[in-house]
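Everything numeric in this text was worked out from a predicted model, so none of it was measured. Chain naming here is simple, since letters A, B, ... match the order of the sequence lines and numbering starts at 1 in each.
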Amino acid sequence: MDKNFGAAEAEARIAKAWEDSGAFKAGANARPGGTPFSIVIPPPNVTGSLHMGHAFNNTLQDILTRWHRMKGDDVLWQPGLDHAGIATQMVVERELAKQGNVGRREMGREKFLEKVWEWKAQSGGTIIGQLRRLGASCDYSREAFTMDPHFQRAVLGVFVKMYDEGLIYRGKRLVNWDPHFETAISDLEVENREVAGHMWHFKYPLANGATYDYVEKDADGNVTFREVRDYISIATTRPETMLGDGAVAVHPSDARYAPIVGQLCEIPVGPKEHRRLIPIIADEYPDPTFGSGAVKITGAHDFNDYGVAQRNGIPLYALMDTKARMRSDGLSYEESATLAGQIARGEREAGDVSQINLVPEDMRGLDRLEARRLVVSQIEAEGLSVMTDSAEGPVPFVEAKKIMQPFGDRSNVVIEPMLTDQWFVDTARIVGPALDAVRDGRTRILPERDAKVYFHWLENIEPWCISRQLWWGHQIPVWYGLDLHAGQFTDDEGDDALDEVEILTLLTQRDFVGEEPRHHCAVDYEGVRDAFMGDLAGLPAPLNHARVVEVEDRHAAAQAFAQGLADHNLSQDPTRLVYPVWRDPDVLDTWFSSGLWPLGTLGWPEDTPELQRYFPTSVLVTGFDIIFFWVARMMMMQLALVNEVPFRTVYVHALVRDEKGKKMSKSLGNVLDPLDLIAEYGADAVRFTLAAMAAMGRDLKLSTARIAGYRNFGTKLWNAHRFAEMNGVFQAPRAEGIPAATAPVNRWIIGETARIREEVDAALDSFRFDGAAQALHAFVWGVVCDWYVEFSKPLLSGSDEGLKRETQQVMAWVLDQCLILMHPFMPFITEELWGTTAARAKMLVHADWPTYRAIDLVDAGSEAEMRWTIALIEGVRSARAQLNVPAGLTVPVVMTEADVPARQALARNGALIYRLARIEAPTEGAAPRGSITVATPGATFALPLEGLIDIQAEIARMTKGADKAAKEAAALRGRLSNPRFVQSAAEEVVEEARENLAAREAEEAQLRAALARLSELA
RNA sequence: GGGCGAUUAACUCAGUGGUAGAGUGCUUCCUUCACACGGAAGAAGUCGGGGGUUCGAAUCCCUCAUCGCCCA
């Protein structure tokens, strides 16, 4: 064997061997009737590559997976990818641009999607390959993709089902709008960042020059300020949105403004002659202590304002287009302002205000920031800024202020709340079962604190916007047709047939584009065609004979319909009449499809054997950041669809940070690439580090020093095997099962092994990966590689052939157990050692996980003996080192006192003790002059080293030891002399304290006696 | 503003009622025939401050301080 494990070479070879042998396939190594154990991978983004978070997440999943597989459970770890609408579309568009292609829109949808699939085939999903380097034992033969034909059918089927049940609806609501990608995005894709901004303070004059007493009072009700005002003061960070204000709101309890609630005030911007008046309303939302206490309400451009507007019937005036420029469509400013004024005065119902464009002509088409500058300068020019004093006299009051601003995490542009037509899931109707399932324990969320986050979010759930204005994704299975029932065409004769004139009227007078279309929902076009034909049947002839045809979009539909009418008019051939329908161009939110992940990857809606076997899945391992967005949605959706939870346990893990605790980010340059780390330290070291640091609910601060430490751990394990190989351990015939041992050291290590197996199982059972890793580390390095290997040396090289044979067998067994127990954490090095150290029936990945128990294998006598042996060796070593006895010197020893167990332990383990402590076999007698004293439980030893040692140093050393023993004894005595302790503490605790006290007292006595002798010398 | 969490050795972190632990670093010694990615010995902690409960508190409760995260 080499001195080190050649990770770089071996990992690829071993990974291939595992996969070639089908070791990871669903059900591999399952014993007959094995309990199903299944995990679906949180699907990485198809554009993604492995980062530390993935490495962490998948290491934990792999540990569970390998552990259960070795236990003989029927294991499926289902891998796959998420199609990631925005991210993928962005990547492909960028690629196309780089290659000098025409843009997406010029290319057209069909062609573009071809390009996306080409890209996917070439460079999509590299992360799956990278998972192999990590050692992830997923069933790669089952790799799934949210855009697989099967998955697509499932997703569209779900949409239709939920639509039919009324759980999905179309509506106009405020959504997060990304002006760069021109699509709605989810909250998850919005990053709130604090940026430098400004707060402007403006005066909104009261209508008709009205005035009021503005009074401020302190906490005791004393008037601190009073003036007559003809305005209300408003603070805003976004002056351009003032154009769309629908009201000014104050808190109902705010006495300052009580006199003017219900009055109208004027928005101080826009052409003078069409100044808009808006009402002052009372609402709970404004914070009286913040700013002036009055808030302008722009319902179409702010989420808080939207709520206020909804509650108070304030119209929502949209100001921006899809690129977040000031609108230039719709009515003129004059017409718009007039209508808005009528609405504000209650002279007109608000109704559909989408044609009202309150952007003054001089600002139409401007970027929102340019518009902001214009608005500010116009208000200042008019003297309607709140003023403040400065060195140069009064100036407009503008505070420099940190403000939270939403940014698109992909586009990095400021996100706009935007009022648009979107599809929504009526989450309120499916949230109940998802809450109940966690409340009653059908699904358990770990750590428990994260269940609180889950509850909090679900209890306050908002409708879920599921449409995205993208091309890459599941196109919404809804088709629209012109609404011919809208009732504007007339059948003058009432004969249920349209004559030429009536058709011409229909053709020339209708603006189909402006009308809200009819729609039907089905998984495909065939499905909606019948529904539309049904609609037509109710129309007058000849429209009721129109053919339903599919066209590209609404515009094409209007044209085709007009053309059909014209053709019919000329030919009177009813077959020329067409009723064109077009499909909703939008796609579904990627989370909608990944919400189906557990069911969809297992073949649902078909009733597959996998579904029967592995659903609900056992565990979901995922990051805390997507509890809402993914976990909650999967819960809601699986429960809504099959009335069953998607998983039994959700293990929520924290973030991997850099060693200083900073979030890893490309801009900070503190990103640790797991692939680099794997190349440098090996996958095993990276995995073990992540597992060892996976304390539940706490972020990991990852340092390479720690990884190096666990790489060294792997080397340690490797070299223990190398030692064993050199001592014939692997050549000797192996025992069947657990070897029968006679020597205390061998009986002891077998017992210790049983303990650690129980500890690892218990830790993994409760998802304490760090506990399992740390226990293994302490055992493999601290017990096996240190003590047991050292103890074995005299036995393996000794003359007692029987003992040698026994030790070889026990060591072979113990090392095998180390490999088995370590395998889920360090799969590569353990598999390699497994293969090199014996001819095996199965690879380690399929080795049987042990079930032996400490209660059967621990031998108390051997254990006590080995503890004593270790204490003696450590005592001698410590004394020697502190008194600078040359390391290589083997020293004589006199045993000055010893009880029977000590004598027995010494007799049985002398060979190891003499070698490890570097002492000669002891003689018995009184302590010679100038000797070092070593006290062990039940015995005292003297190492005669007169002339070699410093008497004063030895006195100091023993005094320290005696004092320490005395101090501990005193503490124990104090406790034991307290009757309440003896009464109320557990019996074994009291007993332990008593034993401990006796030992401490004995130790102190031994040391004091030795000290007394020494003092005579000094 | 609301919620959650953290504060333990120089650093990074375990440790949920019974004698304070690990990895890394540090000091001294050792290239002893598995391993210097090693071995031996050692130094190093008022367990953030204060109060309380308890026979007993790093651990439970209250409070303060500092830091972090989530939500507004």
Interface with RNA chain B, restricted to [range] and to heavy atoms under 4.0 Å:
{"range": "residues 777-794 of chain A", "value": "His777(A), Trp781(A), Cys785(A), Asp786(A), Val789(A), Glu790(A), Lys793(A)"}
{"range": "residues 988-1003 of chain A", "value": "Val989(A), Asn996(A)"}
{"range": "residues 960-973 of chain A", "value": "Lys960(A), Glu968(A)"}

Grab the [atom1]-[atom2] distance between [X] and [N] for me, whole Å please.
{"X": "Leu690(A)", "N": "U12(B)", "atom1": "CG", "atom2": "C1'", "result": "14 Å"}
{"X": "Phe688(A)", "N": "G23(B)", "atom1": "CZ", "atom2": "C1'", "result": "11 Å"}
{"X": "Arg722(A)", "N": "G39(B)", "atom1": "CZ", "atom2": "P", "result": "15 Å"}
{"X": "Leu916(A)", "N": "A41(B)", "atom1": "CG", "atom2": "P", "result": "11 Å"}
{"X": "Asn4(A)", "N": "G38(B)", "atom1": "CG", "atom2": "C1'", "result": "11 Å"}
{"X": "Ile932(A)", "N": "A41(B)", "atom1": "CD1", "atom2": "P", "result": "15 Å"}
{"X": "Leu976(A)", "N": "G56(B)", "atom1": "CG", "atom2": "P", "result": "15 Å"}
{"X": "Met811(A)", "N": "A34(B)", "atom1": "CE", "atom2": "P", "result": "11 Å"}

Let me check something: any side-chain donor-acceptor pairs from residues 708-720 of chain A under 3.5 Å, sequence neighbours excluded? List them with distances.
unit_1	atom_1	unit_2	atom_2	d
Tyr710(A)	OH	Arg706(A)	NH2	3.1
Thr715(A)	OG1	Arg711(A)	O	3.2
Trp718(A)	NE1	Asp2(A)	O	2.8
Asn719(A)	ND2	Lys3(A)	O	3.2
Asn719(A)	ND2	Thr715(A)	O	3.0

For a quick test of reading the model: is some side-chain N or O of Arg706(A) closer than 4.0 Å to OP1 or OP2 of G23(B)?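 No, no such contact exists.
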Taking only N and O in the side chain of Asn712(A), is any of them less than 4.0 Å away from OP1 or OP2 of G38(B)?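 Checking G38(B) against Asn712(A), a side-chain N or O does come within under 4.0 Å of OP1 or OP2.
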Is the shortest distance from a Lys or Arg side-chain nitrogen in [X] or [Y] to a carboxylate oxygen in the other one below 4.0 Å?
{"X": "Lys793(A)", "Y": "Glu790(A)", "answer": "yes"}
{"X": "Arg755(A)", "Y": "Glu758(A)", "answer": "no"}
{"X": "Glu1003(A)", "Y": "Lys964(A)", "answer": "no"}
{"X": "Arg439(A)", "Y": "Glu459(A)", "answer": "yes"}

Heavy-atom donor-acceptor pair, [X] side chain to [Y] backbone, under 3.5 Å:
{"X": "Ser984(A)", "Y": "Arg980(A)", "value": "yes"}
{"X": "Glu954(A)", "Y": "Thr933(A)", "value": "yes"}
{"X": "Asn460(A)", "Y": "His456(A)", "value": "yes"}
{"X": "Arg880(A)", "Y": "Arg918(A)", "value": "yes"}
{"X": "Arg1000(A)", "Y": "Ala970(A)", "value": "no"}

Contact class for [X] (heavy atom, under 4.0 Å): base, sugar-phosphate, or nothing?
{"X": "Arg918(A)", "value": "base"}
{"X": "Ser878(A)", "value": "sugar-phosphate"}
{"X": "Arg877(A)", "value": "sugar-phosphate"}

Hey, which of these two, Asn304(A) or Ala985(A), hits RNA chain B nearer its 5' end, going by closest nucleotide?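 On the 5' side of the pair lies Ala985(A).
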By nearest heavy atom, map Lys452(A) and Tyr710(A) onto RNA chain B; which one lands nearer the 5' end?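 In this pair, the answer is Lys452(A).
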Proximity to the side chain of [X] - top-ranked nucleotide from [options]:
{"X": "Asp770(A)", "options": "G42(B), A14(B), C55(B)", "value": "A14(B)"}
{"X": "Gln882(A)", "options": "C37(B), C35(B), A41(B)", "value": "A41(B)"}
{"X": "Thr715(A)", "options": "A34(B), U24(B), C37(B)", "value": "C37(B)"}
{"X": "Met693(A)", "options": "U12(B), A41(B), C55(B)", "value": "U12(B)"}

What's the gap between [N] and [M] when it is taken at their [atom1] atoms, as a whole Å value?
{"N": "U24(B)", "M": "A14(B)", "atom1": "C1'", "result": "15 Å"}
{"N": "G25(B)", "M": "A40(B)", "atom1": "P", "result": "15 Å"}
{"N": "C13(B)", "M": "U27(B)", "atom1": "P", "result": "24 Å"}
{"N": "C4(B)", "M": "A10(B)", "atom1": "C1'", "result": "30 Å"}
{"N": "U46(B)", "M": "A58(B)", "atom1": "P", "result": "13 Å"}
{"N": "A9(B)", "M": "G15(B)", "atom1": "C1'", "result": "14 Å"}
{"N": "C70(B)", "M": "C47(B)", "atom1": "P", "result": "32 Å"}
{"N": "A57(B)", "M": "G48(B)", "atom1": "P", "result": "15 Å"}

Does Lys3(A) make a side-chain donor-acceptor contact with the base of C35(B), cut-off 3.5 Å?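 Per atom types, no contact qualifies.
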Any donor-acceptor N/O pair under 3.5 Å between C37(B) base and Arg711(A) side chain: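 Flag set: donor-acceptor pair detected.
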Under 3.5 Å, sequence neighbours excluded: what are the donor-acceptor pairs made by side chains of residues 722-729 of chain A?
unit_1	atom_1	unit_2	atom_2	d
Arg722(A)	NE	Met1(A)	O	3.3
Glu725(A)	OE1	Met1(A)	N	3.4
Asn727(A)	ND2	Phe723(A)	O	2.8

State whether a side-chain donor-acceptor pair under 3.5 Å links Thr836(A) with Glu832(A).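 No.
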Residue pair Met52(A) / Val686(A), side-chain heavy-atom distance below 4.5 Å: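 Answer yes - side chains close enough.
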Is there side-chain contact between Pro286(A) and Asp254(A), with heavy atoms separated by less than 4.5 Å?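 Result no, sub-4.5 Å side-chain heavy-atom pair not found.
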Is there a Watson-Crick or G-U wobble partner for [N] with both distances under 3.5 Å, and if so, which one is it?
{"N": "C55(B)", "value": "G18(B)"}
{"N": "U27(B)", "value": "A41(B)"}
{"N": "A34(B)", "value": "none"}
{"N": "G5(B)", "value": "C67(B)"}

Sequence neighbours excluded and cut-off under 3.5 Å, please list the side-chain donor-acceptor pairs for residues 687-696 of chain A, or say none.
unit_1	atom_1	unit_2	atom_2	d
Arg687(A)	NE	Phe825(A)	O	3.2
Arg687(A)	NH1	Asp62(A)	OD2	2.7
Arg687(A)	NH1	Leu134(A)	O	3.0
Arg687(A)	NH2	Asp62(A)	OD2	2.7
Arg687(A)	NH2	Pro824(A)	O	2.7
Thr689(A)	OG1	Ala685(A)	O	2.6

